[in-house]
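Just the heavy atoms: all of them, side chains too, but no hydrogens, waters or symmetry mates, feed the values below.
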Amino acid sequence: QVQLLESGGGLVQAGGSLKLSCGPFGHTSTSYAMGWFRQAPGKEREFVAAINWSGTMTHYADSVKGRFTISRGNAENTVFLQMNSLKPEDTAVYYCAAAYSRLVVADILQYDYWGQGTQVTVSS
């Protein structure tokens, strides 16, 4: 069974930084495309960033481009999200997700496994 666990959320002032972590998980013989999504109160879950199975390709939402960086860890199926220059509008629950794919996956519907989420709050 594939279980994802996020960590690293918290409260930070605007302009600050946080680093989210997810994994390792699942079968080490299988590589997954990984992604981060977020959901603010009263809004739908939205795409933030994604990385392919080998870590060689990434894709970002326009709202975070240049501020957030997604990367894979040395351990199999681990992923990080470095968030810099945080803004109050980045406040949300952040979810890690895994897709059984070798490509970069931005479509929420293509993700197979989800974590429980970690709260990120940015104060103004």
Side-chain angles (χ1 to χ4, degrees):
Q1 183 176 357
V2 176
Q3 294 183 331
L4 284 76
L5 182 62
E6 306 95 335
S7 62
L11 173 64
V12 64
Q13 288 188 332
S17 299
L18 283 175
K19 185 174 184 178
L20 306 183
S21 301
C22 176
F25 73 98
H27 302 290
T28 56
S29 61
T30 302
S31 294
Y32 296 84
M34 305 290 292
W36 288 96
F37 292 77
R38 66 187 182 186
Q39 187 167 17
K43 295 187 177 181
E44 293 187 352
R45 193 170 299 187
E46 64 176 6
F47 169 75
V48 175
I51 191 166
N52 70 335
W53 70 281
S54 62
T56 56
M57 296 181 65
T58 58
H59 182 59
Y60 297 92
D62 288 342
S63 59
V64 306
K65 200 171 294 184
R67 300 188 298 122
F68 290 11
T69 302
I70 187 171
S71 61
R72 299 195 76 114
N74 292 327
E76 194 73 23
N77 293 327
T78 60
V79 65
F80 304 101
L81 185 68
Q82 177 66 47
M83 304 185 294
N84 298 327
S85 302
L86 282 161
K87 304 175 181 180
E89 51 263 44
D90 294 319
T91 295
V93 176
Y94 283 71
Y95 297 90
C96 172
Y100 188 53
S101 171
R102 287 177 170 258
L103 304 175
V104 177
V105 180
D107 183 356
I108 191 172
L109 296 179
Q110 295 190 46
Y111 278 85
D112 302 295
Y113 306 103
W114 292 86
Q116 294 299 307
T118 184
Q119 177 69 47
V120 171
T121 303
V122 184
S123 63
S124 57

Walk me through whether Asp90 and Met83 qualify under side chain to side chain contact (heavy atoms under 4.5 Å, CB included). CA-CA 10 Å; Asp90 294 319; Met83 304 185 294; over 6 Å; no
Taking the side chain as everything from C-beta on, heavy atoms only, tell me whether Val64 gets closer than 4.5 Å to Arg38. yes
Listed once per pair and sorted, the disulfide bond (SG atoms under 2.5 Å apart) pairs that draw on residues 52-89, sequence neighbours left out: none
Applying side chain to side chain donor-acceptor pair (under 3.5 Å), name anything that partners Gln116, two or more places apart in sequence or on another chain. none
Taking salt bridge (charged side-chain N to carboxylate O under 4.0 Å, His left out) as the test, write out the residues that go with Glu89, two or more places apart. none
Give the intermediate values and the outcome of side chain to side chain contact (heavy atoms under 4.5 Å, CB included) for residues Leu20 and Glu6. CA-CA 7 Å; Leu20 306 183; Glu6 306 95 335; over 6 Å; no
Partners meeting ring-ring contact (aromatic ring centres under 6.0 Å, His included) with Phe37 (sequence neighbours left out): Phe47, Tyr111, Trp114
In terms of heavy-atom contacts, Ile70 and Tyr60 come closest through N-OH, 2.9 Å
Locate the shortest heavy-atom distance separating Ser54 from Arg72; write the atom from each residue and the value. C-CD, 4.2 Å
With sequence neighbours left out, the residues meeting salt bridge (charged side-chain N to carboxylate O under 4.0 Å, His left out) with Asp62 are Lys65
Which pairs, with at least one residue in residues 38-88 and sequence neighbours excluded, count as a disulfide bond (SG atoms under 2.5 Å apart)? none
Closest non-hydrogen atom pair between Gln39 and Lys43, with its separation: NE2-O, 3.1 Å
Quick test of your reading: applying disulfide bond (SG atoms under 2.5 Å apart), list the pairs with at least one residue in residues 40-91, sequence neighbours left out, ordered by first then second residue. none
Side chain to side chain contact (heavy atoms under 4.5 Å, CB included) assessment of Thr91 paired with Gln119: CA-CA 8 Å; Thr91 295; Gln119 177 69 47; 4.0 Å; yes
According to ring-ring contact (aromatic ring centres under 6.0 Å, His included), does anything in residues 65-99 pair up with another residue at least two apart or in another chain? List the pairs. none
Would you please test Tyr32 and Trp53 for side chain to side chain contact (heavy atoms under 4.5 Å, CB included) and show each step? CA-CA 5 Å; Tyr32 296 84; Trp53 70 281; over 6 Å; no
Which heavy atom in Ala33 sits nearest to a heavy atom in Val105, and how many Å separate them? CB-CG2, 4.0 Å
Cut-off 3.5 Å, no hydrogens considered: what does the side-chain donor-acceptor table look like for residues 7-18, sequence neighbours left out?
residue: Ser17; atom: OG; partner: Asn84; partner atom: OD1; Å: 2.9

Nearest heavy-atom approach of Arg67 to Leu86 is NH1-CA, 3.9 Å
Closest non-hydrogen atom pair between Leu81 and Ala49, with its separation: CD1-CB, 4.1 Å
Residue pairs meeting disulfide bond (SG atoms under 2.5 Å apart), one or both in residues 56-124, sequence neighbours left out, come to Cys22-Cys96
If you link I, L, V, M, F, W and Y whenever their side-chain heavy atoms are under 4.5 Å apart, who else ends up in the same group as Val104? Met57
Results of side chain to side chain donor-acceptor pair (under 3.5 Å) for Arg102 - residues two or more places apart only: none
